[in-house]
Visitor: 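Dropping the structure in here first, questions after.
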Amino acid sequence: MNYKTIALFLLLPLTATAQDRYCTGFEQYKAGEWHSVGESVTLKPSSRQDMLAFTVRASDKKMSHVLRRRTFALLHDDSLYISLRPFNRFGDVYVRAWKLPDGNLIFARQEISSSSRFGIVNGDTGQPLSSRSFRSLNSMENLVCYIVTWDERRVEMRLARLMPDGVMSLLKNHPEQLARYQALSSSRRMSADVIIDVLREAGQLR
């Protein structure tokens, strides 16, 4: 399958089934509090320029509202998607996410300026984008990884960049993958395609 065929395939809507489930927040996700969608749900690439992000719609108008406004995570065909709406900086879309062994989540999106300070997600007004953000959003090579965690003390969700030190910490018990990751250039170690591939190979993503 060539790249043009892949691009056309990604533009096709992905239709979910009644077995698909959703949860309303990160705390509910951590607690395993999932609800059945119960409707026909479609995931559609947000645009030709951003085919790794999706809009989600249900056949029922009320469920569409729930999925857009009140849902944090969606399980579709055994793949996990999260809404970026709560983060107020990446657009009102869903993206693929992966679960780490500790239950935290990672996802790939455009880079935010390194001068920006990540803080509490709730009420965040957004941060400026770096120059790298204007590269194609259709390639994981141009994206970086973020980690979503739950602050038990403050009882709130937090967002941070997954930096090379964090990746190497996750690979500390996997010397083969760690050595290969450390051998890469500093810029490649930041790329989402590299991070996700090496963590998946090490069995750190679920």
Side-chain angles (χ1 to χ4, degrees), residues 1-4 6-7 10 26 45-54 73 79-91 93-121 124-151 156-206:
M1 184 181 292
N2 60 37
Y3 290 114
K4 289 184 178 179
I6 293 172
L10 286 170
F26 192 79
S46 63
S47 72
R48 288 181 178 272
Q49 292 73 41
D50 194 4
M51 293 190 292
L52 298 178
F54 301 88
S79 293
L80 179 65
Y81 296 83
I82 62 171
S83 171
L84 299 187
R85 182 181 177 85
F87 305 115
N88 298 320
R89 65 185 81 201
F90 297 116
V93 294
Y94 279 74
V95 295
R96 183 76 167 85
W98 293 267
K99 183 180 178 181
L100 293 167
D102 60 5
N104 292 324
L105 299 172
I106 68 169
F107 67 90
R109 201 62 176 144
Q110 70 265 35
E111 186 177 24
I112 300 295
S113 173
S114 59
S115 63
S116 302
R117 178 182 178 274
F118 281 107
I120 299 169
V121 172
D124 197 305
T125 57
Q127 302 290 352
L129 303 179
S130 73
S131 58
R132 184 172 179 170
S133 303
F134 297 97
R135 299 179 186 179
S136 172
L137 295 179
N138 292 334
S139 172
M140 293 286 281
E141 184 179 355
N142 295 332
L143 306 181
V144 296
C145 284
Y146 296 90
I147 183 168
V148 185
T149 62
W150 183 256
D151 189 323
E156 62 195 8
M157 187 165 55
R158 298 185 72 88
L159 177 70
R161 276 282 300 280
L162 181 57
M163 304 299 286
D165 285 349
V167 178
M168 289 187 283
S169 178
L170 290 167
L171 295 174
K172 63 182 179 182
N173 295 322
H174 305 275
E176 182 180 343
Q177 287 80 17
L178 177 59
R180 190 167 74 251
Y181 181 72
Q182 290 175 320
L184 298 171
S185 67
S186 57
S187 61
R188 287 297 290 147
R189 277 183 277 172
M190 301 291 284
S191 295
D193 63 329
V194 168
I195 292 173
I196 290 170
D197 282 348
V198 74
L199 291 179
R200 181 187 286 123
E201 186 175 321
Q204 295 296 95
L205 298 182
R206 299 169 187 176

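Only a predicted model underlies this, so the values are computations on that prediction, with no experimental measurement involved.
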Visitor: Quick one: side chain to side chain contact (heavy atoms under 4.5 Å, CB included) partners of Asp102, sequence neighbours excluded?
Guide: Leu100, Asn104
Visitor: Keeping the roles fixed (side chain from Ser191, backbone from Asp193), state whether a donor-acceptor pair exists under 3.5 Å.
Guide: no
Visitor: Okay, side chain of Asp151, backbone of Met157: is any donor-acceptor separation there less than 3.5 Å?
Guide: no
Visitor: What class does the angle between the rings of Phe26 and Trp150 fall in, given that below 30° is parallel, 30 to 60° is tilted and above 60° is perpendicular?
Guide: parallel
Visitor: Between Tyr181 and Arg189, what is the shortest heavy-atom contact and its length?
Guide: OH-O, 2.7 Å
Visitor: Ser186: what forms a side-chain hydrogen bond (donor to acceptor under 3.5 Å, both in side chains) with it, not counting sequence neighbours?
Guide: none
Visitor: Calculate, to the nearest 0.5 Å, the distance between atoms OG1 and CD belonging to Thr149 and Glu156 respectively.
Guide: 9.5 Å
Visitor: Might you point out which heavy atoms bring Lys172 and Leu178 nearest each other, and give the distance in Å?
Guide: CA-CD2, 4.4 Å
Visitor: Between Leu162 and Val167, is any pair of side-chain heavy atoms under 4.5 Å apart?
Guide: yes
Visitor: For Pro101, check side chain to side chain contact (heavy atoms under 4.5 Å, CB included) against everything at least two apart and list the hits.
Guide: Gln204, Arg206
Visitor: Hey, what do you get for CG (Leu205) to CG (Leu105), rounding to the nearest 0.5 Å?
Guide: 10.5 Å
Visitor: Checking side chain to side chain contact (heavy atoms under 4.5 Å, CB included) between Trp98 and each of Leu80, Ile196, Ile82, which is the one that passes?
Guide: Ile196
Visitor: At what distance, to the nearest 0.5 angstrom, does CE of Met190 lie from SG of Cys145?
Guide: 10.0 Å
Visitor: In terms of the angle between their ring planes, are Phe90 and Phe107 parallel, tilted or perpendicular, with boundaries placed at 30° and 60°?
Guide: perpendicular
Visitor: Which atom names give the shortest non-hydrogen contact between Val144 and Arg161, and what distance separates them?
Guide: CG2-NE, 3.6 Å
Visitor: Drop me the distance from Arg188's CZ to Ile195's CD1, to the nearest 0.5 angstrom.
Guide: 10.0 Å
Visitor: Going by side-chain hydrogen bond (donor to acceptor under 3.5 Å, both in side chains), name the residues that satisfy it together with Glu176, two or more places apart in sequence or in a different chain.
Guide: none
Visitor: Kindly give the heavy-atom pair with the smallest separation between Ala108 and Ala192, and that separation in Å.
Guide: CB-CB, 3.6 Å
Visitor: Looking at Gln110 and Leu137, what are the two nearest heavy atoms and their distance?
Guide: CB-CD2, 3.8 Å
Visitor: Can you list the residues that meet the side chain to side chain contact (heavy atoms under 4.5 Å, CB included) rule with Asp197, with sequence neighbours excluded?
Guide: Arg200
Visitor: Residues two or more places apart in sequence or in another chain: which of them pass salt bridge (Lys or Arg N to Asp or Glu O under 4.0 Å) with Arg96?
Guide: none
Visitor: For the atom pair CG (Leu84) and OH (Tyr146), what is the distance rounded to the nearest 0.5 Å?
Guide: 10.5 Å
Visitor: Dump the intermediate steps for side-chain contact (heavy atoms from CB on, under 4.5 Å) on Glu201 and His174, then the final yes or no.
Guide: CA-CA 10 Å; Glu201 186 175 321; His174 305 275; over 6 Å; no
Visitor: Give the intermediate values and the outcome of side-chain contact (heavy atoms from CB on, under 4.5 Å) for residues Arg109 and Leu143.
Guide: CA-CA 5 Å; Arg109 201 62 176 144; Leu143 306 181; 5.7 Å; no
